[in-house]
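Down below is the structure, laid out as structure tokens.
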Amino acid sequence: MPNLKDLKVRIDSVKSTRKITSAMKMVAAAKLRRAQEQAEASRPYAQRMDRMLGSLAAAAAGQAGAPKLLAGSGSDQTHLILVATADRGLCGGFNSSIVREARNLARELLEQGKTVKFFCIGRKGRDQLRREFGERIIDTIEDIARPSLSFDKAADIGTRVVAMFEAGEFDVCTMFYAEFRSAISQIVTPQQLIPFAPPESENGEEEPEALNGAVYEYEPGEEEILTALLPTNLSVQIFKALLENAASEHGARMTAMDNATRNAGDMINNLTLIYNRTRQAAITGELIEIISAKEAM
Amino acid sequence: MAEGKVAFELVSPERLLLSEEVEMVVVPGDEGDFGVLVRHAPMISTLRPGVIQVHDGGAVTESIFVAGGFAEVTPARCTVLAEEAVAVAEIDRAATEQRLSNAQDDLLDAKTDSEKAQAERHIAVAEAMLKAAS
């Protein structure tokens, strides 16, 4: 028979766990709102950048002198995988699902005899990848979202990636992050950063204004603009991914903590039931003892 | 859309800074300033650090400093993608001077070409900012 005191202790401990999880849920909800706002605010820039780049890339594609960031280095032997995860756990399957996708790609590439390198943004991704790909992780960036996520930080990563590419350290760069759909649904998305792959236009969105067949004039020249635009675009894409990731992380944490709070509630109910039954049984037992003692006299 | 006006948008990676319909904007292109009126030929240009002037009703209504970026012009619109933008009136002289001297120190410390180029870029931005503020 469970001890009454033990039960009491357990109920109290589950209660304090529930307090923590519900507080974490509230914090995550507040942070989610902010992250979502930030993600939405950054969208216009990315959209316009895409539009500009799309028209430029179409014009420059196939030309002999196209910049390497657009055309690639002519090989696909070495792959760099950028894994954007959170720095903290307790957010359900968020980190694991990103890492799982990245790992699958890495295994596939390794089977084909390619070289794979990892660049982790976020501590959790590194922790999970270290076991299998320890020596392939070239660097990890931690705490990028503290105190706040800014474009400068994304630009720093972008510059480093470009510098590595130009030094010939890799040929293809793919980034994994979780795209934010809603608080309960985040979709792990691989995105090829280098060479530049124009995003497939979603749901067949038409250009709002026709240029009447007019083509853009480029000032100074197409190539100069492209060489300036491509690295910036890389930073923008990374920034966008990080913002999406931040929103997804808080969404995932909110859901996870909501579940945890609910589970804790269920557990408390069950334990309280057992506690009351046990107490009742003890009382009944004592009564029987008293009555039978009296009758015996 | 109002007749004879261009839709001008100024966007930074973090947010949409300005979106309004104006008569004319003067944008500091890499190869010289250019004014954009409605029905301008479509073009894409890189920007140098300088001041964007928004003209409305024949006078300059707003001056905004940008530290470089890109401009996309279509017959009806002018979109500026700026990495950094501040209203000229809000430029902090002291902070900018500090930035300039930091950048100059960086240039002296720079070892690689890319560090040097970056420091030079920062100097150019800070100098243009000071010039805009004066």
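These numbers were taken from a predicted model, which means no experiment stands behind them. Numbered from 1 within each chain, the chains take letters A, B, ... in sequence-line order.
The structure places CD of B:Glu72 at 11.0 Å from CD1 of A:Ile225, a figure rounded to the nearest 0.5 Å. Separating the CD atom in A:Glu217 from the NE2 atom in B:His40 is a distance of 7.5 Å, to the nearest 0.5 Å. With values rounded to the nearest 0.5 angstrom, A:Tyr45 atom OH is found 8.0 Å from B:Ser12 atom OG.
Top candidate by heavy-atom pairs under 4.5 Å with chain B, chosen from A:Leu149, A:Thr159, A:Thr232, A:Val236, is A:Thr232. Annotation: maximal heavy-atom pairing with chain A below 4.5 Å, among B:Val11, B:Asp30, B:Ile44, occurs at B:Ile44.
The number of heavy atoms from other shown groups lying within 6.0 Å of NZ (A:Lys153) is above 12. Around the CD atom of B:Glu90, the shell of radius 6.0 Å holds no more than 12 heavy atoms that belong to other residues, nucleotides or ligands. The environment of A:Arg88 atom CZ is sparse: at most 12 non-hydrogen atoms of other residues, nucleotides or ligands sit within 6.0 angstrom. Atom CZ of A:Arg34 has 12 or fewer heavy atoms from other residues, nucleotides or ligands within 6.0 Å.
Only the side chain of B:Thr79 has a heavy atom closer than 4.5 Å to any heavy atom of chain A. If you measure heavy-atom distances from A:Leu229 to chain B, the contacts under 4.5 Å come from both the backbone and the side chain.
The shortest non-hydrogen separation linking A:Ser42 to B:Pro13 is CB-O, 3.2 Å.
Residues B:Leu81 and A:Met52 have side chains in contact (heavy-atom distance under 4.5 Å, counting atoms from C-beta outward). Here the side chains of B:Glu9 and A:Arg48 are in contact, with some heavy-atom distance below 4.5 Å.
Although no hydrogens or angles enter the test, the distance criterion places a donor-acceptor pair under 3.5 Å between the side chain of B:Glu14 and the main chain of A:Phe151.
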